[in-house]
There are 2 protein chains.
Amino acid sequence: MIIDCLALAKELNAFNVRAVKELKQRGIAPKLCEILATSDAGVLSYAETKKRQAAELGVLYESFIFDYDASLDTVLEKIRQLNQDKSAHGIVIGLPVFAHLDSDILLNEIAQYKDIDGLGSKNTSALFTNQEQSAIAPATPAAALYILESLSAVSGKKVCILGRGRTVGRPLLEMLINRNATVTVCHSKTAVIDIEMAIAQSDIVMTAIGIAGTVKSEWFKAGQIVIDCGISFINGKTSGDVNSAELSDLGAFVTPVPKGAGAVTNAMIFANLIKAVDLQ
Amino acid sequence: MIIDCLALAKELNAFNVRAVKELKQRGIAPKLCEILATSDAGVLSYAETKKRQAAELGVLYESFIFDYDASLDTVLEKIRQLNQDKSAHGIVIGLPVFAHLDSDILLNEIAQYKDIDGLGSKNTSALFTNQEQSAIAPATPAAALYILESLSAVSGKKVCILGRGRTVGRPLLEMLINRNATVTVCHSKTAVIDIEMAIAQSDIVMTAIGIAGTVKSEWFKAGQIVIDCGISFINGKTSGDVNSAELSDLGAFVTPVPKGAGAVTNAMIFANLIKAVDLQ
């Protein structure tokens with residue numbers, strides 16, 4: 001079965017719309033600020049999506065665009081200004097930034113409760129110490145868990161994560177452990193036979209590789225839940241890590257790409273913004 | 001085979017002695033400061049061990065003792081003073097502290113490069129982003145890896161961690177992923193049959209539970225490497241998580257408790273102090 005992620009995104013956005021209305025009744029006009037110091041077409045297109053979605057939800061959106069010759073200090077100074085600006089409730093950075101800018105330094109400069117992508121060290125270390133309630137969790141792992149928890153309890157389940165990146169695999173790992181899952185992490189240095197075995201023995205598989213075709217459909221079985229957070233582009237077509245049609249035919253419950261975890265992530269960014277307003 | 005951890009601790013301390021001599025030749029007298037805001041007998045006894053070991057290595061050691069009525073602010077103020085004090089190269093906190101003090105707030109107040117236990121958010125998030133070289137890693141996981149790497153390569157190996165605590169299990173997990181291991185994390189909410197299966201399929205098992213008797217010897221097999229970071233006290237006797245004699249008889253390579261990972265950890269604390277001086 002293909003999991004209807006658009007319905008879940010709609011549900012989450014309905015919550016967002018209600019919450020934004022309530023904030024406005026309290027005199028707060030939630031605003032998301034985005035730092036764009038990049039020429040990456042994917043990042044710029046994604047920023048447009050956020051801008052459009054913000055408008056749909058009644059959220060203010062402003063982007064701050066930096067040229068290639070902008071120094072680290074210039075970008076840091078803008079982040080510091082936004083940290084101080086009470087009308088700016090959230091700050092995100094379009095990643096990857098230009099190669100001469102250090103994304104870790106930029107991310108760690110964002111005030112913890114304005115760090116809507118949850119990638120700064122204060123928020124990631126809150127995952128590490130199981131203090132998610134008082135932190136902002138990265139949107140993609142949070143969206144992946146939102147999808148998963150709409151289908152199944154997580155505590156005590158065996159989960160296999162494919163990928164160990166800092167935006168999805170790593171935080172997802174911590175968040176799953178916090179939810180009492182037993183987790184196996186596989187990655188590019190894991191032998192194929194070991195990946196196959198880890199998948200075979202898992203109730204739930206969550207992928208965050210970003211390369212289509214490396215995960216074989218025959219490794220899966222009926223009844224498994226598969227949340228695909230990978231996105232890659234092949235011949236102009238958007239693809240996930242797994243072949244969702246084949247997995248669905250096998251009897252697995254699987255998210256599609258596109259219109260899958262990404263759609264829920266887009267909604268989760270604004271849910272994070274609303275949480276951020278409450279934490280501020 | 002029982003792994004000779006005392007020999008490894010001796011090797012590491014020989015390095016420490018040489019490094020301390022070199023620092024002194026450069027006019028630096030390395031000093032470890034310990035915050036003791038606790039009445040826990042184990043913590044106080046461990047502090048005495050550090051003091052004695054410091055003396056053996058030629059390292060200065062000073063403890064700062066707080067009564068039960070000391071406020072969080074009082075302890076924080078002392079940490080801030082030590083952060084500023086150039087003669088204080090390392091700060092550790094005897095954990096657990098009195099219940100009314102928040103250990104996370106205390107740990108996060110320590111300057112990153114004076115945080116010898118590596119438990120503050122800046123150091124833990126450096127593990128998370130695979131930037132260990134420029135951070136201080138927690139001593140027990142670092143010691144466990146020191147033992148492991150003396151016996152085997154880690155990249156591509158299947159490792160099972162038992163335990164998800166913030167001082168051992170969690171950071172160890174991140175450090176193993178950074179070393180390209182494929183890792184499964186089991187904990188108190190993992191079904192016994194799943195723990196048994198995870199151990200059976202692993203090349204390496206690392207335990208950090210702290211309760212003797214929950215891990216059965218029959219789950220292990222010949223050739224596995226077992227690093228036991230658990231310590232518990234039964235009838236006045238110090239015990240690990242596994243029965244090292246039985247595992248050794250089975251043909252596994254196993255660290256004993258006592259005189260195991262703890263001995264290497266004691267040496268690693270001072271290796272961390274020396275690294276900290278370099279980073280400062």
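Since we're looking at a predicted model, the values are computed, not measured. A note on names: the letters A, B, ... follow the listed sequences, proteins ahead of strands, and every chain is numbered from 1.
- In this structure, no portion of B/Asn123 lies under 4.5 Å from any heavy atom of chain A.
- For B/Thr190, the parts lying under 4.5 angstrom from a heavy atom of chain A are both the backbone and the side chain.
- Ranked by heavy-atom pairs under 4.5 Å with chain B, the first of A/Ala181, A/Ser188, A/Gly169, A/Cys186 is A/Ala181.
- With a threshold of 4.5 angstrom between heavy atoms, B/Leu173 approaches chain A through side-chain atoms but not through N, CA, C or O.
- Salt-bridge annotation for B/Lys158 and A/Asp194: present, with a side-chain N of the basic residue lying under 4.0 Å from a carboxylate O of the acidic one.
- Here the shortest heavy-atom pairing between B/Ser155 and B/Asn180 reads OG-CB, 3.3 Å.
- Using a 3.5 Å distance cut-off with no hydrogens or angles, the side chains of B/Gln224 and B/Lys221 do not pair a donor with an acceptor.
- B/Asp228 and B/Thr207 share a side-chain donor-acceptor pair at under 3.5 Å.
- Heavy atoms closer than 4.5 Å to chain A are found nowhere in B/Ala198, neither backbone nor side chain.
- In the model, B/Ser121 has no side-chain atom that pairs as donor or acceptor with a side-chain atom of B/Thr124 under 3.5 Å.
- Residue contact with chain A, scored on non-hydrogen atoms closer than 4.5 Å, involves the side chain of B/Gln201 exclusively.
- With a 4.5 angstrom heavy-atom cutoff, B/Arg164 touches chain A only via side-chain atoms.
- For B/Ala88 against B/Leu82, the heavy-atom pair with the smallest separation is CB-O, 3.9 Å.
- Of the two parts of A/Ala126, neither the backbone nor the side chain holds a non-hydrogen atom closer than 4.5 Å to a non-hydrogen atom of chain B.
- Summarising the local packing, CD of A/Gln84 is surrounded by 12 or fewer heavy atoms from other residues, nucleotides or ligands at distances under 6.0 Å.
- Under 3.5 Å, the side chains of B/Lys157 and B/Ser152 contain a donor-acceptor pair of N or O atoms.
- Proximity to chain B (any heavy atom under 4.5 Å) is restricted, for A/Gln131, to the side chain, taken from C-beta onward.
- Ranked by non-hydrogen atom pairs under 4.5 Å with chain B, the options A/Arg166, A/His187, A/Lys122 are led by A/His187.
- Most heavy-atom pairs under 4.5 Å with chain B, from the set A/Pro171, A/Cys160, A/Ala191: that is A/Pro171.
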